[in-house]
Number of protein chains: 2
Amino acid sequence: MSDMADKILDAAEDRIRAFGFHGFSFRDLASDVGIKSASVHYHFPSKADLGVRVARRYTERFLASLPDPAGTPHNECFDRYRLAFRSAIVDGGRMCMCGMLGAEIDGLPEEVRAEVRTFVDRNIDYLERCLGDRDRAWQMFALLEGAMIAARGSGRPEAFDLATQHLATALTAAAGA
Amino acid sequence: MSDMADKILDAAEDRIRAFGFHGFSFRDLASDVGIKSASVHYHFPSKADLGVRVARRYTERFLASLPDPAGTPHNECFDRYRLAFRSAIVDGGRMCMCGMLGAEIDGLPEEVRAEVRTFVDRNIDYLERCLGDRDRAWQMFALLEGAMIAARGSGRPEAFDLATQHLATALTAAAGA
DNA sequence: GTCTATAATTTGATAGAC
DNA sequence: GTCTATCAAATTATAGAC
């Protein structure tokens, strides 16, 4: 993977998280990284290819950034997970990329859809190991994705905390009990 | 408001909820309702106009479909709210329109963004009257929007129930107490 | 109100020179 | 790897006939 390919993926990730998959063009990305759109196609032949690659990198990076539930107290484990979402929306104003792509799922190339499903499945598996319960994993995943929507839709980043703070505390307490 | 304008708004609402604001064209809508794209522009001069009108109609209709919290037990009131979201995703596979637009907020015309904020604010007000607590209103709003994302992203409509069933029960019980 | 026609721009994508 | 040049199709939008 070349430096330039990585820079293009960075730009694509940022634009997907801000505008959605149909909210940017190869020319936008080219301008972001300082080359021409034909050169972007050299690295990623089609937009579907690009979507698959950026979604896959996002999933791997995100999961790799999380603590191992086997070696971390469950309370801390879930709180770290919540803070990863929080900093994206509060510090950068960005959606979770796979939350955005999940909303737009019907309009995505099938290969990209498959990557989104993988992200969700692996996050649910992770949260189940954190929280000890699969239903609770779905609840927390939904709560965090929705808190991002609430923050963006209302124009109030603090909505993320209003939505997640108390519940997250209560649920990790329940999980620890 | 003419019949045709309403049919166009129906088509626009369905396409926004499936594909997002940038996921369809005036020609798509024209084809949906059986006219030409130039005629769509007769009813809605620009895509921003269309976005404002469809978002405003969605907000009014959605709130009008809900029971009055003053004359309805709070448990039942919130459950009806939850079921409105549930049937959209489980029966039709569609996002809440303002959840979709909230995710895409950075790419929307400013007039449309304002309508999304209004939707969120009025829904939070409604939920506060249902649940008796403003934080809990944000929590439930986030949970329901996120449960739609989880269902779409995973390709599993039942994820909506896994995410919302137990928590919703617990929280309306707490609200009733 | 709807049509045909069309303008102006943008988009995803390719060919071929360097 | 990046460029210029270009393409075919699509997009938002307008003008003017019916």
Side-chain angles (χ1 to χ4, degrees), chain A residues 1-57 97 100-101 104-113 115, chain B residues 1-55 57 100-101 104-113 115:
Chain A
M1 169 75 63
S2 72
D3 275 6
M4 184 52 79
D6 259 327
K7 281 177 66 179
I8 294 167
L9 290 177
D10 290 343
E13 179 176 323
D14 192 58
R15 285 188 176 269
I16 291 173
R17 294 173 70 171
F19 308 120
F21 189 75
H22 300 294
F24 70 97
S25 69
F26 271 55
R27 274 174 182 75
D28 293 326
L29 300 182
S31 153
D32 289 341
V33 304
I35 60 177
K36 298 292 174 179
S37 72
S39 306
V40 178
H41 280 281
Y42 167 80
H43 295 281
F44 304 96
S46 73
K47 203 174 181 180
D49 290 318
L50 174 68
V52 167
R53 297 282 297 281
V54 70
R56 195 169 292 166
R57 190 188 71 161
M97 185 166 65
M100 177 71 86
L101 296 177
E104 295 180 304
I105 199 90
D106 291 319
L108 302 181
E110 171 52 34
E111 317 93 277
V112 180
R113 259 183 258 173
E115 294 298 326
Chain B
M1 170 74 63
S2 71
D3 276 7
M4 185 51 81
D6 259 327
K7 281 176 66 180
I8 294 166
L9 290 177
D10 291 342
E13 180 177 322
D14 191 58
R15 284 189 178 268
I16 290 173
R17 295 173 70 172
F19 309 120
F21 189 75
H22 300 294
F24 71 98
S25 71
F26 272 54
R27 272 177 180 76
D28 292 326
L29 301 183
S31 152
D32 289 342
V33 303
I35 60 177
K36 297 292 175 179
S37 72
S39 306
V40 177
H41 280 281
Y42 167 80
H43 295 281
F44 304 97
S46 73
K47 202 174 182 182
D49 289 318
L50 175 68
V52 167
R53 297 281 297 281
V54 71
R57 190 188 71 161
M100 177 71 86
L101 296 177
E104 295 179 304
I105 199 89
D106 292 319
L108 301 181
E110 171 52 33
E111 318 93 276
V112 180
R113 261 183 257 174
E115 295 297 326

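A note on names: the letters A, B, ... follow the listed sequences, proteins ahead of strands, and every chain is numbered from 1.
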Verify side-chain hydrogen bond (donor to acceptor under 3.5 Å, both in side chains) between A/S31 and A/D28, making sure each step is shown before the conclusion. CA-CA 5 Å; A/S31 153; A/D28 293 326; over 6 Å; no
Stepwise, does the salt bridge (charged side-chain N to carboxylate O under 4.0 Å, His left out) test hold for A/D10 with A/R57? CA-CA 10 Å; A/D10 290 343; A/R57 190 188 71 161; 2.9 Å; yes
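Counting to the nearest Å, the P atom of D/dT11 and the NE2 atom of A/H22 are 11 Å from each other. Rounding to whole angstrom units, CG of residue B/L50 and P of D/dT12 are separated by 10 Å.
Looking at A/S46 and A/D49, their side chains do bring a donor and an acceptor atom within 3.5 Å of each other.
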Sugar-phosphate or base contact per nucleotide [nucleotides 4-14 of chain C; S, B, -; heavy atom under 4.0 Å]: BBB----BBBB
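Cation-pi geometry between A/K47 and A/F24 is met: under 6.0 angstrom from the ring centre, within 45 degrees of the axis.
Of the listed nucleotides (C/dC3, D/dG1, C/dG1), C/dG1 has the atom at the smallest distance from the side chain of B/Y42.
No option in A/V52, A/V54, A/I8 other than A/I8 meets the side chain to side chain contact (heavy atoms under 4.5 Å, CB included) test with A/F44.
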